[in-house]
Protein chains: 2
Amino acid sequence: MTHDAPNLDEFLCFAIHSTARAINRAAKPLLDELGLTYPQYLVMVVLWAEDDQTVGQIGEKLFLESSTLTPLLKRLEQAGYVRRARDAADERLVRVRLTETGRALGHRSDCTSKLLRKVLQGNEVRELRDRVVSLRERVRAAERDDALPTD
Amino acid sequence: MTHDAPNLDEFLCFAIHSTARAINRAAKPLLDELGLTYPQYLVMVVLWAEDDQTVGQIGEKLFLESSTLTPLLKRLEQAGYVRRARDAADERLVRVRLTETGRALGHRSDCTSKLLRKVLQGNEVRELRDRVVSLRERVRAAERDDALPTD
DNA sequence: GTCGATTACATCGTGCGCGATATATAAATG
DNA sequence: CATTTATATATCGCGCACGATGTAATCGAC
């Protein structure tokens, strides 16, 4: 190398970035069976845990903006998995509710995602997950403060 | 929750996915100064380490397809950071070379990315990075085998 | 109650990321 | 040498992801 350029392999951010994409690719065949993309699946997971949430609530849990969620939710609606409707009491809110089909998908996914969970949710990776989450929160905090902690 | 739906917080894949996006967001102000997106920055890192590589070589290092790289490289070319030219000996290959401006950017980036590296390249995260990389390779191997190892 | 500020969502434009497919060159096979 | 096969890149379509902006409903101050 011609000068002291940063080496790709040293970047934790590249490690995480590339791992996220690798997981996405690996999960695709499983999600194809459900007719969902990975971000759509995440939204469904949120709704399976608690039905009838607003766009904002879903976005808060997944760290997504309405500009991402609105079209995604429209696709989920078109697929027949959710219904979107303005809240009667506060017309600004859009409540997202599972259809029967969408709810039923949750049970199917319990089976089809076992494979994924075997690799990505087992005991042996719990610590790794916690560390990644704590890194995420560190990064998010640093972004908010606009001054990264020296630690 | 109405039934035993998978909980979002338990997914390592979500942890990694969301962390990757958090890093991306945090890095953006720094990369804006360089006039680069994060994927463009990664390509530049590859070229700063070794100039004059083919599209395929770059893709191999970043795990990216030509369908992603070709338009990205065209944007880098339009920005004046690289030049693309067919290899004289093998006209199938496209060789990507840094311009003077592109090479110079590497020195500026040594300064501007210090902040990023402080969080993401320090000693304290080396082990985490290694674990994430090893997870990535496990996932990639599992995808290739189309049968995930039970370990 | 009226008006300005806030909130919640939608829209738009840009750039990935990737599967499917196309194209052109090169290598291999006969 | 002609024809198949393989390789390298490009093109296309779709779905995120997000910043910037728009719009409508609600809240607050008065």
Side-chain angles (χ1 to χ4, degrees), chain A residues 13-14 17-29 31-32 34-44 53-60 62-79 82 84-96 140 143, chain B residues 13-14 17-29 31-32 34-44 53-60 62-79 82 84-96 140 143:
Chain A
C13 50
F14 175 68
H17 190 84
S18 55
T19 302
R21 286 189 288 116
I23 291 174
N24 230 313
R25 278 195 296 271
K28 190 167 184 303
L31 292 174
D32 280 348
L34 298 177
L36 295 171
T37 65
Y38 182 63
Q40 287 169 9
Y41 175 68
L42 291 180
V43 169
M44 294 301 282
Q53 297 193 60
T54 67
V55 173
Q57 288 174 316
I58 297 170
E60 206 168 321
L62 298 178
F63 309 103
L64 289 173
E65 308 296 317
S66 75
S67 45
T68 301
L69 278 176
T70 297
L72 188 156
L73 289 169
K74 283 183 177 176
R75 281 185 284 272
L76 280 182
E77 188 172 39
Q78 192 151 18
V82 305
R84 297 156 60 249
R86 292 276 168 186
D87 187 299
D90 187 342
E91 290 270 340
R92 290 173 306 180
L93 303 174
V94 168
R95 310 206 70 91
V96 183
R140 282 166 53 78
E143 195 196 356
Chain B
C13 50
F14 176 68
H17 190 84
S18 55
T19 303
R21 286 189 289 118
I23 291 173
N24 230 313
R25 278 195 296 272
K28 190 167 184 302
L31 292 173
D32 280 347
L34 298 177
L36 295 172
T37 65
Y38 182 63
Q40 287 168 9
Y41 174 68
L42 290 179
V43 169
M44 294 301 283
Q53 297 193 57
T54 67
V55 174
Q57 287 174 315
I58 297 170
E60 206 168 322
L62 298 178
F63 309 104
L64 290 173
E65 308 296 318
S66 74
S67 45
T68 300
L69 278 175
T70 297
L72 188 156
L73 289 169
K74 282 183 177 176
R75 281 186 285 270
L76 281 181
E77 187 172 41
Q78 191 151 20
V82 305
R84 297 156 60 249
R86 292 275 169 187
D87 188 299
D90 185 343
E91 291 269 340
R92 292 172 304 180
L93 303 174
V94 168
R95 310 206 69 93
V96 182
R140 282 167 51 79
E143 194 196 356

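Order of the sequence lines fixes the chain letters, A, B, ..., with proteins taken first and strands second; residue numbering starts at 1 for each chain.
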J.: At less than 4.0 Å, is any side-chain N or O atom of A/Arg25 found next to OP1 or OP2 of C/dC18? Yes or no.
T.: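 It does, given that an N or O in the side chain of A/Arg25 lies less than 4.0 Å from OP1 or OP2 of C/dC18.
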
J.: In this structure, how many angstroms lie between the P atom of C/dG15 and the CG atom of B/Leu62, rounded?
T.: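 Roughly 19 Å, once rounded to whole Å.
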
J.: Side chain of A/Ser66, base of C/dA8: donor and acceptor closer than 3.5 Å?
T.: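 No, the side chain and the base share no sub-3.5 Å donor-acceptor pair.
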
J.: Side chain of A/Leu64: nearest nucleotide among C/dC9, D/dG15, D/dC18?
T.: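 Closest of the options to the side chain of A/Leu64: D/dC18.
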
J.: Among D/dA10, C/dG15, D/dG15, which nucleotide sits nearest the side chain of B/Val94?
T.: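 Nearest to the side-chain atoms of B/Val94, counting from C-beta on, is D/dA10.
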
J.: Just verifying a value: how many Å separate A/Thr70 OG1 and A/Arg75 CZ, rounded to the nearest 0.5 Å?
T.: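 A/Thr70 OG1 to A/Arg75 CZ: 10.5 Å, rounded to 0.5 Å.
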
J.: Please determine whether a side-chain nitrogen or oxygen atom of B/Arg86 lies at a distance below 4.0 Å from atom OP1 or OP2 of D/dT9.
T.: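 The answer is no; no side-chain N or O of B/Arg86 sits under 4.0 Å from OP1 or OP2.
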
J.: Nearest to the side chain of A/Arg92 - C/dT6, D/dG15, D/dC18?
T.: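 So the nucleotide nearest the side chain must be C/dT6.
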
J.: Where does the angle between the aromatic ring planes of B/Phe14 and A/Phe63 fall among parallel (under 30°), tilted (30 to 60°) and perpendicular (over 60°)?
T.: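 If you compare the ring of B/Phe14 with that of A/Phe63, the planes turn out parallel.
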
J.: Quick one: list whatever passes side-chain hydrogen bond (donor to acceptor under 3.5 Å, both in side chains) with A/Lys74, sequence neighbours left out.
T.: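 Partners of A/Lys74 by the side-chain hydrogen bond (donor to acceptor under 3.5 Å, both in side chains) criterion come out as none, since no residue qualifies.
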
J.: With nearest nucleotide decided by heavy atoms, which residue, A/Lys28 or B/Thr37, maps closer to the 5′ end of DNA chain C?
T.: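 Of the two residues, B/Thr37 wins.
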
J.: So, does B/His17 get its side chain near the phosphate of D/dC16, meaning an N or O under 4.0 Å from OP1 or OP2?
T.: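 No, outside the criterion.
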
J.: Let's see if you can work this out: which of C/dG15, D/dA17, C/dC18 has an atom nearest to the side-chain heavy atoms of B/Arg75?
T.: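 For B/Arg75, the side-chain atoms sit closest to C/dG15.
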
J.: Output all residues satisfying side chain to side chain contact (heavy atoms under 4.5 Å, CB included) with A/Thr37, sequence neighbours left out; order by chain, then residue number.
T.: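 Here the qualifying residues are A/Pro39, A/Gln40.
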
J.: Using a heavy-atom distance cut-off of less than 4.0 Å, which residues of residues 67-74 of chain B contact DNA chain D?
T.: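 DNA chain D contact set from residues 67-74 of chain B: B/Ser67, B/Thr70, B/Lys74.
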
J.: What's the separation between atom CG in B/Leu42 and atom CD1 in B/Ile58, rounded to the nearest 0.5 Å?
T.: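 Those atoms lie 11.5 Å apart.
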
J.: May I ask you to say what A/Arg95 touches in the nucleic acid, namely base, sugar-phosphate or nothing, with a heavy-atom cut-off under 4.0 Å?
T.: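 Nothing, no heavy atom under 4.0 Å.
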
J.: Using a heavy-atom cut-off of 4.0 Å across all strands, would you classify B/Ala89 as base, sugar-phosphate, or nothing?
T.: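 Here B/Ala89 touches the backbone only, sparing every base.
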
J.: Drop me the distance from B/Met44's CE to B/Leu76's CG, to the nearest 0.5 angstrom.
T.: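 Answer for the CE-CG pair, B/Met44 versus B/Leu76, is 6.0 Å.
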
J.: Of the candidate nucleotides C/dT25, D/dG15, C/dC18, which contains the atom at the shortest distance from the side chain of A/Gln40?
T.: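 Nucleotide nearest to A/Gln40's side chain: D/dG15.
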
